[in-house]
Amino acid sequence: MKLKILVLIALILLFICFLLFFGESGLSVNEVILWQIRFPKVVTCFLAGGMLASSGLLMQVYFQNPLAGPDILGVSSGSSLFVAIWILAAGALPLSIIDWGMNVMSFLGALSVFLLLVFFVQRNFSRVSLIIIGLLISSFASSGISVLVNFGQSMQLKNYMMWSMGSFRNVTFSELPRFIILSITSLIAIILSQKSLNQFLLSENYAQSMGVNVKKMRLVFISLAAWQISIVTLYCGPVGFVGILSPHLAKMILKRSQISTILLATFLIGAFLAFLAETILVIVPHWSLSINAIFGIIGAPLIVVFLYRQRSMSI
Amino acid sequence: MKAILELENLSIGFNRILAREINAILPESSLTAVMGINGIGKSCLIKTLCHLIPPKSGNIKLDSRNYKEYSPKEFASMVSIVLTEKFQLEFLRVDELVALGRTPFTNWLGQIKPSDLKIINESMELVGIVHLADHFFSELSDGQKQKVLIARALAQKPKVLILDEPTTYLDIPSKIELMRLLKKIAYENKISVLFSSHDLDLVEKYVDHIWLMGNSGEFFAKSSSEMKTSGLLAKYFHLNLN
């Protein structure tokens, strides 16, 4: 098991080396390109991919639903909608709060979708219904955004289109410290709460019977997932599939399910997938692919395979 | 006959009250069944006693202390549960699942110490699933799954084990095996076992005490032999309709 994780780390290091020394401009390495463009990109891939994966794991355990993920349950979209509202309102707001306000709004967007989902879960909606509700939230949010876009200027429109395709290249060197701090703190919080997450594996009732303060942990889990998803969505756009795929891949590779065992692997696989997509983008720059196009092509068939394997278990 | 659980004027229900003024004791180291036809509130009583839903009124005392006085962790060391919920778990090994029973007592990382490992193995041995330790839970039969969940509950080293409808998904031989296992747990490990069931014929042969719930909120607690001669079972299971 340790060997498998070491292999994963080695692969990721290979990707990092490749992406640092090879970019869209070829093999040229100078200080500006390396530090201003490639270094932020590599850090973003690593953290954003990993956070998408860990938030996917959180959601799958919390909702007891193997199909849960930031994109499928509409959390990314909720975050996007709130950011779009903020950007449109930005003209009327003082400059000093716009910047951080974006972080806060994307978090509130993700959190409100979660609260809505929890509302339905507590009224005994089935797992499938919950996913349909997630899809409806998604389509509501994207319709809302397309209406909002009408009120924006054409430049904002173009930015939004680019952003919604997903990209790990948007974090600039000067934004990097904030991105890293927000990411690392969320990851530490997940590590600290992994024992309770493990106790949630069976169900909320069992967790409670094992001494977990369920009400408190429920809030901790959804806030953590909303936090992580909001960071990724704000800086990289609504990136799909990594969140739902990574936990399944981690379990399949390690043949284990316990949170303490698969948490690191889930994070690494998320990072691995992000690096893989970014590498494809770098190798074929003339194809003008987007991150979400690549993940869609890899991810959608894989999810069908998972569903086929799990067909005996009712969802 | 020392009581581990005492129900005092207990009223239970989810939204509306399903049964009121329940008075009963659960004796130490015994096997007790909660019986009644479907939809009568057995599950509600079980969930209330598991401390998952609050009672509408009245008290439950565990080892002479009120439920409310227990911290979640203390409660976990006294009472453990097996529910009817079905799980969506792939790649969860049996030994990992049983190990979850030790998590109330591990450090913040959930590390399993050698002493915990010993308890986990003892629980698996007692239930007879040692040979399944490295199997995946999702690949087991319903009877085996039930045993694994019981082993998890035993790994908490409880004084009281509560099971909700444990016989429901089982075939007849597995049901009998389960009854023998619960009896063994009650007598040899000095644990009070309480479970709900509507398998009348099966249960009355094995249990020491029966708590019977009637369809308009009545509640009777008697020893198994008293219950048989009282005719209450026949009355409330509608056996004398024809």
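Only a predicted model underlies this, so the values are computations on that prediction, with no experimental measurement involved. Convention: sequence-line order gives letters A, B, ...; per-chain numbering from 1.
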With a 4.5 angstrom heavy-atom cut-off, could you sort out which part of [X] is near chain B: side chain, backbone, both or neither?
| X | value |
| --- | --- |
| A:Ile259 | neither |
| A:Gln194 | side chain |
| A:Thr261 | side chain |

Original post:
Taking C-beta and beyond as the side chain, do A:Leu202 and B:Leu97 meet within less than 4.5 Å on heavy atoms?
Top reply: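 They are in side-chain contact.
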**OP:** State, to 0.1 Å, how close A:Asn205 and B:Leu83 come at their nearest heavy-atom pair, and which atoms those are.
**Re:**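 Of all heavy-atom pairs spanning A:Asn205 and B:Leu83, the closest is CB-CD1, 3.4 Å.
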**OP:** Tell me the residues of residues 106-116 of chain B whose non-hydrogen atoms fall below 4.5 Å from those of chain A, in number order.
**Re:**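 Within residues 106-116 of chain B, near chain A: B:Thr106, B:Asn107, B:Trp108, B:Leu109, B:Gly110.
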Original post:
Do other residues, nucleotides or ligands put more than 12 heavy atoms under 6.0 Å from the NZ atom of A:Lys195?
Top reply: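 Above 12, so yes.
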Original post:
More than 12 foreign heavy atoms under 6.0 Å from CZ of B:Phe14: is that the case here?
Top reply: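 More than 12 heavy atoms, drawn from other residues, nucleotides or ligands, come within 6.0 Å of this atom.
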Original post:
Considering heavy atoms only, which positions within residues 245-255 of chain A lie below 4.5 Å of chain B?
Top reply: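 Residues A:Lys251, A:Met252, A:Lys255 are the ones that qualify, each having a heavy atom under 4.5 Å from chain B.
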Subject >> residues 208-220 of chain A: residues contacting chain B (heavy atom under 4.5 Å, by number) >> reply: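 Interface residues of residues 208-220 of chain A: A:Gln208, A:Ser209, A:Met210, A:Gly211.
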Original post:
Yes or no on side-chain contact (heavy atoms from CB on, under 4.5 Å) for A:Tyr206 and B:Arg152, after CA distance, side-chain angles and deciding distance?
Top reply: CA-CA 10 Å; A:Tyr206 277 108; B:Arg152 186 213 65 83; 3.5 Å; yes
Subject >> With sequence neighbours excluded, residues passing side-chain hydrogen bond (donor to acceptor under 3.5 Å, both in side chains) with B:Ser141 >> reply: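 Here the qualifying residues are B:Gln144.
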Select one option (side chain, backbone, both, neither) describing which atoms of [X] are under 4.5 Å from chain A's heavy atoms.
| X | answer |
| --- | --- |
| B:Thr103 | both |
| B:Glu96 | both |
| B:Tyr70 | neither |

Subject >> Choice from B:Lys73, B:Glu85, B:His51 maximising heavy atom contacts with chain A below 4.5 Å >> reply: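 Greatest number of close heavy-atom pairs with chain A: B:Glu85.
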Subject >> Value rounded to 0.5 Å, distance of OG in A:Ser257 from CZ in B:Phe137 >> reply: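 Answer rounded to 0.5 Å: 11.5 Å.
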